[in-house]
There are 2 protein chains.
Amino acid sequence: MAKVKKQAAVSCPVETTLRVIGGRWKVLIIHFLLHGTMRFGELTRSLGTISARTLSKQLRELEADGVVDRKDFGEIPPKVEYSLTALGRSLEPILQSMEAWGTAVETRR
Amino acid sequence: MAKVKKQAAVSCPVETTLRVIGGRWKVLIIHFLLHGTMRFGELTRSLGTISARTLSKQLRELEADGVVDRKDFGEIPPKVEYSLTALGRSLEPILQSMEAWGTAVETRR
DNA sequence: CAGTATCCAATGAGATACTG
DNA sequence: CAGTATCTCATTGGATACTG
């Protein structure tokens, strides 16, 4: 299998996952989308303090990584719905264990 | 239960976990320490291209978060050993599921 | 409504040099 | 050996204003 590119370093798959869900709002976005499809404005309100620019960027990145599906209805006024792909939904157990661990950490303080 | 402080936002525990393990080298450091205690120089060599400054910082942060234990033998030449605390070892299942997910993502490309 | 364009500040992390 | 001190740069994300 050739020369493994260059800087494969060590145990990369974990870092791949981190790159995908590591953005400032990404796990929160995924969290909401696990409950169902949402429109851009709904996400903005649910997330509370995110700017349009930032939400847009995080969604595009999640889409590029195959986690989120973007459906543009091509209407005016615009209507766009975001949902999780199968790959995105497969993140649920990870989020759950991360939530459990985070809760434990916060508790023990 | 009062007013929930201020910016509790939404589902924070997951983000707590992300803040703890989200550093550039942290999951890799934890990965190695899951196999046993290591000295500073060993970690440096294992990680390949990390600078002393960066490794030092990441270790201090992991220590502050209760994940890593630092044992200074107070000898000359210096000898310092790093290991995981119980809390640190409890991250193992999370890393494993993240590794599985990351592998799946890399595979499907 | 669902964005994009610009500009800007904060953080993270690398390179290099030095030290008890 | 195990760091610390500086300096620097790249990336991330926020604020604001504008648009099809």
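Convention: sequence-line order gives letters A, B, ...; per-chain numbering from 1.
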Task: Quiz item: Arg53(A) side-chain donor-acceptor pair to dT6(C) base, under 3.5 Å - done: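 Counting by modelled atom types and ignoring angles, a donor-acceptor contact under 3.5 Å is found here.
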Task: Any Ser51(A) side-chain nitrogen or oxygen under 4.0 Å from OP1 or OP2 of dA15(D) - done: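 So the side chain of Ser51(A) is outside the cut-off, no N or O lying under 4.0 Å from OP1 or OP2 of dA15(D).
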Open item on the list: Is the phosphate of dG3(C) approached by Arg70(A) (side-chain N or O, under 4.0 Å from OP1 or OP2)?
Closed with: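 Yes, within the criterion.
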Task: Dot-bracket line, read 5' to 3' along DNA chain D, where crossing pairs take [ ] and | marks a partner on another strand, Watson-Crick or G-U under 3.5 Å - done: ||||||||||||||||||||
Open item on the list: Below 4.0 angstrom, which residues in residues 55-64 of chain B have at least one non-hydrogen atom near DNA chain D?
Closed with: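 Correct list: Ser56(B), Arg60(B).
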TODO: Under 4.0 Å from any atom of DNA chain D, heavy atoms only: list the residues of residues 36-44 of chain B that qualify, in numerical order.
DONE: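 Those residues whose heavy atoms fall under 4.0 Å from DNA chain D, taken from residues 36-44 of chain B in numerical order, are Arg39(B), Phe40(B), Gly41(B).
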Atom pair [atom1]/[atom2] of [X] and [Y] - distance to nearest 0.5 Å:
{"X": "Gln58(A)", "Y": "Leu47(A)", "atom1": "CD", "atom2": "CG", "result": "9.5 Å"}
{"X": "Ser56(A)", "Y": "Glu63(A)", "atom1": "OG", "atom2": "CD", "result": "9.5 Å"}
{"X": "Glu99(A)", "Y": "Ile94(B)", "atom1": "CD", "atom2": "CD1", "result": "11.0 Å"}
{"X": "Leu95(B)", "Y": "Thr17(A)", "atom1": "CG", "atom2": "OG1", "result": "10.0 Å"}
{"X": "Asp65(B)", "Y": "Arg19(B)", "atom1": "CG", "atom2": "CZ", "result": "6.5 Å"}
{"X": "Arg39(B)", "Y": "Glu42(B)", "atom1": "CZ", "atom2": "CD", "result": "7.0 Å"}

Output the rounded distance in Å from [atom1] ([X]) to [atom2] ([N]).
{"X": "Arg24(B)", "N": "dG14(C)", "atom1": "CZ", "atom2": "P", "result": "6 Å"}
{"X": "Glu81(B)", "N": "dA2(D)", "atom1": "CD", "atom2": "P", "result": "9 Å"}
{"X": "Arg19(A)", "N": "dT12(D)", "atom1": "CZ", "atom2": "P", "result": "10 Å"}
{"X": "Ile29(A)", "N": "dA2(C)", "atom1": "CD1", "atom2": "P", "result": "15 Å"}
{"X": "Lys71(B)", "N": "dG3(D)", "atom1": "NZ", "atom2": "P", "result": "15 Å"}
{"X": "Leu18(A)", "N": "dA13(C)", "atom1": "CG", "atom2": "P", "result": "11 Å"}

- [ ] Assign each of Ile50(A) and Pro77(A) to its nearest nucleotide of DNA chain D by heavy atoms, then name whichever residue's nucleotide is nearer the 5' end.
- [x]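 Comparing both residues, the 5'-ward one is Ile50(A).
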Open item on the list: Under 4.0 Å, heavy atoms only, any strand: does Tyr82(A) hit a base, just the sugar-phosphate, or nothing?
Closed with: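 The residue Tyr82(A) makes sugar-phosphate contact but no base contact.
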Task: Among Thr49(B), Leu59(B), Leu62(B), Leu43(B), the one residue meeting side-chain contact (heavy atoms from CB on, under 4.5 Å) with Trp25(B) - done: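 For Trp25(B), the side-chain contact (heavy atoms from CB on, under 4.5 Å) check succeeds only for Thr49(B).
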TODO: Report the C-alpha distance between Val80(B) and Tyr82(B) in whole Å, list the side-chain angles of each, state the deciding distance to 0.1 Å, and finish with yes or no for side-chain contact (heavy atoms from CB on, under 4.5 Å).
DONE: CA-CA 7 Å; Val80(B) 180; Tyr82(B) 293 92; 3.8 Å; yes
Open item on the list: Whether the Glu106(B) and Thr16(A) side chains hold a donor-acceptor pair (N or O, under 3.5 Å, no angle test) is what I'd like checked.
Closed with: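 The criterion, which ignores hydrogens and geometry beyond distance, is satisfied for Thr16(A) and Glu106(B).
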Open item on the list: Any side-chain to backbone donor/acceptor pair from Thr85(A) onto Gly66(A)? Under 3.5 Å, distance only.
Closed with: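 Yes, the answer is positive, given that a donor and an acceptor are paired below the 3.5 Å cut-off.
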- [ ] Please determine if Arg70(A) and Glu81(A) form a salt bridge, counting it only when a charged side-chain N lies under 4.0 Å from a carboxylate O.
- [x]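 Glu81(A) and Arg70(A): not salt-bridged.
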